[in-house]
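The structure appears right after this line, and notes come after that.
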Amino acid sequence: MTTLLQQIANGLVQGATIGLIALGYTMVYGIIQLINFAHGEVFMVGTFGALAVYRWVLPESVQDQWYVALPLMLLGGIVVAVVVAVLMERFAYRPLRNAPRLAPLITALGVSVALQEVVRLWFPDAEAAQSFPRVFVDAQVDLGPVQISATGLLLIVVSVVLSVLLQTYVNRSRMGRAMRATSQDRDTARLMGVNPDRVIVLTFVLGAALAGVAGVLYGAHLNSVDTNDGFQTGIFAFTAAVLGGIGSLRGAVIGAFIIGLIKTLGGQYLPGGTQYDYVWIFVVLILVLVFRPQGLFGEAERVRA
Amino acid sequence: MNAARHSAETVLEASGVTMVFGGLTALNDVSLSLPEGRIVGLIGPNGAGKTTFFNCLTGLYTPTRGAVRLRGKELPHDPAKVTTAGIARTFQNIRLFPNMSVLENVLVGRHIRMRQGPLASLFHGPGFRRDERRAREKSLELLEFVGLRGVEDEVARNLPYGDQRRLEIARALATEPDVLLLDEPTAGMNPQETEDARQLIFRIRETGISVVVIEHDTKFIFSLCDTVSVLVQGEVLVEGSPDVVREDPRVIEAYLGKPREEVEAEVAEAAAHHGADHQGPAAGRRDDA
Amino acid sequence: MTRLTGFLPPALARPFNAVGAALLVIAALLPWATFLLNDGAFPDKATLQFFDAPLAVTGFRWQLLLIGVAALVLAFVRIPGQGRVLRALGWGGLAIGVVGAIFIASEGGGLGAITAADGTTAFGSIVAVLGGVALVLGSTALGIPDIPDWPTRFFGLSGWPLRLAAWVVLVVAFGGVLYLVSLTLTAGGIGGAADPYAGPIFLAFLGFAGALLGALHGAGVTRWVSRLSEEHRGFSILVLVACAFALPFTEAGSQYWMQVAATIGVYAATAIGLNIVVGLAGLLDLGYVAFLGIGAFVAANLSGAGASALGWDLPFPVAALIAAAVAGVFGAIVGSPTLRVRGDYLAIVTLAFGEIFYRSAQNDIGELTGGASAIPGIPPISMFGTAFNEPLELFGAELPSGVLYYFLIVLVVAAIMAVFANLKNSRMGRAWIAIREDEDAARAMGIRTGKAKILAFLVGATLAGLAGAIFVHKLGTASYESFQFLESVTLLAAVILGGMGTIPGAVLGASLLFVLPEKLREFDEYRLLVFGLALILIMRFRPQGLVPDRVRRAELAGETAMGKSIEEAEEQAVLEHEEALSAQKEDRR
Ligand SMILES: Nc1ncnc2c1ncn2[C@@H]1O[C@H](COP(=O)(O)OP(=O)(O)OP(=O)(O)O)[C@@H](O)[C@H]1O
Ligand SMILES: [Mg+2]
């Protein structure tokens, strides 16, 4: 029983990370119908951005004061992630706006490979996994029978709060309305005075910021980062977005928690152990796509933003 | 396969077709019967549900209620099977295979009439070659028929607009249909092309194919069709011979929405027009139900 | 490149061309490096110390000289397609110059090497760059004409003399291709300590080969040859296969290159299979390498390898057929969601399948894959009493070991090409292309799209499975590591780089993507980076690939075909219709 609860807790922490990334996937897909394979890399770049801040910006005296270090690292991670995302939108995807359907998808794969390599080659010592500082309170929180690290708890809270904020922003604000309009019909939105380019950039920025936050907290939680974490986590995140119903913000987050749970519970209880957690996730994905192609929340709540 | 215009046996019969999209009833209890060898017109304002009706007939949409029968046999809701059963269509917005050649487009239309299986496709034996040659000949004949001979190696998307419409008709005819559904075949055409299209449709009927035409151009419809149905907001408002329909005050009000004199002038012009160059369709025998 | 047109006034075209060409010739005769580089003298006597014989040019300087002389002649002699030819030569010279400059500078430590040191100058590469730029500018100012069309009936010949003449042309052309392939494979050597400059020399050679092919293309020669070969299809195939069989007798006939060529063949065969799925049917498959893997593991288990749990020992043809069939079945299974899932979602299903396969193989599922320890010790194919890894004596020539695999894979690639061509020009192939172009319209033509798509997956997977069976015997080991996601992406890139839906495209793309890393091993570090950047650039500047289908960009199906829903399309039609109506009203007045 304790194991089960503990694994559920672990699953929720994983789901929180995946959820923050999945939001970016689902927003970008909702707006320009592109599976942005490079979004996982944006997350990874965010982690390394924060690591850079820790190593080369923070004076040693504040490195262990989390209330100074963490916000600054978050800032660094977000800035790096956003800059990378904006550049890639501007130089890789925008020129292909009217290109054949396959072109941006292949480009996204190319961007993903290139970003991974750039970090691996030129971030000092990034050839192998790097240790990431435990910037947040380094303690385990006792929640009845289960223990969860403080960073993990923070990750869950941040993930839920940010996704609610994002949801509100998209539903209520002027820019959010523009986003929804653009995702419905770009040309009509243009006629109504919405500048689709700006909306698309904003979408990338929002997605990247969330991925950046995820990257920093993920690093702090796992205590290590690697250049190829991004792609894998990114694929999980996309799976979550599809599972939840692409275009649906709430769906993406719920899908992510489901993925996180399948990963930990499947690793614990299904034959094959953790080596097959990957497999179970994809089996679930395929089943969902075949029996409910629009995803779990695809129709009920079609925010499409 | 000769046109038996006198024996008006029904080929295609749609009864009580209803199509609901979410809250919108696009079609409400629409019935239509197409007698063998006739041309039936379908007119109605934008958004009346004409295209939706075609989509229901061809199995692209599954109607909420109602059934479609071809020669008494109920049709399945699968476009491929409907085509195999003998209904071919064109699309309101042209849906050619843009990067295939003109000839290849028509050859795709021959798909269900060709005999080669996957293995023959692999090995290209003598049977295969015979089959290909026949399909090619047939397709070229059809291109000749619609007036596209000589451009068969052009890429479809490079054809001028009017030729694309004609190619779409040739492609539909290649399936050897009993019934041809044309969705606004003259949209965007100039008067000369429109007239050519009218003659083409008459010639198609001559080969024994029954035709349903959607068109906004009333002059065109009245001079072409044996019967005309008027669809307004998903319901059949009037059905009957062109004479009956064009006189009907409800039609003039609901659909044409123009002062009566203008309509009458137009009607007179149309009558003169088709009297001059064609015997004219067998008009006025059916009244509205 | 049209952006360059009009950069110079046409009056300056000839002077620029002449000067550019002259500079290229001069560059070929100048020294390129002033001192010994870290790994020894720069090859082809281009290092100043060894520069005792400026006129005895070899290697890349010889190639540059050829380009320069040709350009010099063509700057004054009018030929059809002149602007294109000169432009291709210019880009080639520029490429050779840039490659030389970058390598000498970086290897030699700074620009000192290519400019001046100890008062001596060695600016061959800079002169080549300048010459190339001048030639490109001059040729574009000259105007870029349409590619000239040459008649396939020439010299007023007809009947058998014409046929004979055409055959001669084809033999010469394919012989030239064979020679070029052999040169390309061997250019710069095999790298490593023996040939420290293999990378730059190979890249410079690619510049030369590109210039040569570009010039021939610009003059209309390649198009003419390809039309001739279409008209004499049977003969062309014969010559092509003969040329492929002749490769081991050329300079490239060493054990090493035969092995590389056979590996390329395996990937080319797989890429052609993928081309059916992606290029013809328009279905994006991101997990395709799994089928190669399934074929490989099935064949490994049927080969009598000691490490295989199953331990069956079947003759190779039987094992290969079973491998292909099993892969095909999996293809159909993976393809079956196409009945319900469209477009990008299908891509994700295939990706997921590829990952499931990879993970399962990694963890030794059913003890059939060997897991992390792989299945080693797979015996070589043995038929007619000959093991395929042995050397061979043929027509008095000693052929290296591995050449039999090369012959086998040539046959298989030829067969798969034939399968692809036959399918493409059949009822089934047209149905696939129709689905790619417009699925709804295809259904309206009576095509059972679901069946057709599953069949595409099945055929593609079968071919990959067959390739996998050969792959695993050639390699001797079946390891999950050969079947990663990145391999799927590389195969896809090969198909797209070459030109989707075309046969030469898939082969060319696979050759480039699998030869380049072999050749550029000293830059192995940057391999993936370059790969990623290349994907981005290709999609940006040449999405139709190097050998586009007759219909340009056809296979990257455009907006109208796939991107539009019925509603959207109809909306547009309404607009069009209104326009038409108002036009009609205008007419009436
Ligand atoms: N797939 C669909 N989903 C939702 N609504 C639809 C769908 N197809 C059609 N409709 C709606 O049904 C109504 C009828 O549309 P339809 O295209 O059949 O009209 P139409 O008579 O062909 O008009 P037009 O003359 O402009 O071509 C419209 O309000 C349209 O928006
Ligand atoms: Mg319509």
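Owing to the predicted nature of the structure, the values given are computational and were not obtained by experimental measurement.
- Contacts between B:Q116 and chain C at a heavy-atom distance below 4.5 Å involve backbone atoms as well as side-chain atoms.
- Options C:T449, C:L423, C:N422, C:V459 differ in how many heavy-atom pairs under 4.5 Å they form with chain B, and the most are formed by C:N422.
- Between chain B and the options C:V419, C:N425, C:I447, C:L455, the largest number of non-hydrogen pairs under 4.5 Å is found for C:I447.
- Contact of the B:T84 side chain with the C:R448 side chain is registered, since non-hydrogen atoms from C-beta on lie closer than 4.5 Å.
- Neither the backbone nor the side chain of B:I87 comes within contact range of chain C, judged by heavy atoms closer than 4.5 Å.
- When side chains are defined from C-beta on, C:R430 counts as touching B:M114, because their heavy atoms get closer than 4.5 Å.
- From B:N105, atom CG reaches atom CD1 of C:I433 across 11.0 Å, with rounding to the nearest 0.5 Å.
- Only the side chain of B:F128 comes within less than 4.5 Å of a heavy atom of chain C; its backbone N, CA, C and O stay farther away.
- The two residues B:L60 and C:D440 make their nearest non-hydrogen contact at CD1-OD1, 4.2 Å.
- In this structure, chain B has heavy atoms under 4.5 Å from both the backbone and the side chain of C:A442.
- Counting heavy atoms from C-beta on, the side chains of B:R110 and C:M445 never come closer than 4.5 Å.
- Shown here for C:A441 and B:F97, the closest heavy-atom pair between the two residues is CB-CE2, 3.8 Å.
- With rounding to the nearest 0.5 Å, the separation of OG in C:S426 from CG in B:D131 is 10.5 Å.
- No part of B:T58 comes within reach of chain C, as not one of its non-hydrogen atoms sits under 4.5 angstrom from that chain.
- Taking NZ of B:K81 as the start and CZ of C:R443 as the end, the distance is 11.5 Å to the nearest 0.5 Å.
- C:A431 approaches B:H111 most closely through the heavy-atom pair CB-CE1, 3.6 Å.
- If you measure heavy-atom distances from B:R171 to chain C, the contacts under 4.5 Å come from both the backbone and the side chain.
- Note that CE of C:M428 and CG of B:L122 are 12.0 Å apart. Values are rounded to the nearest 0.5 Å.
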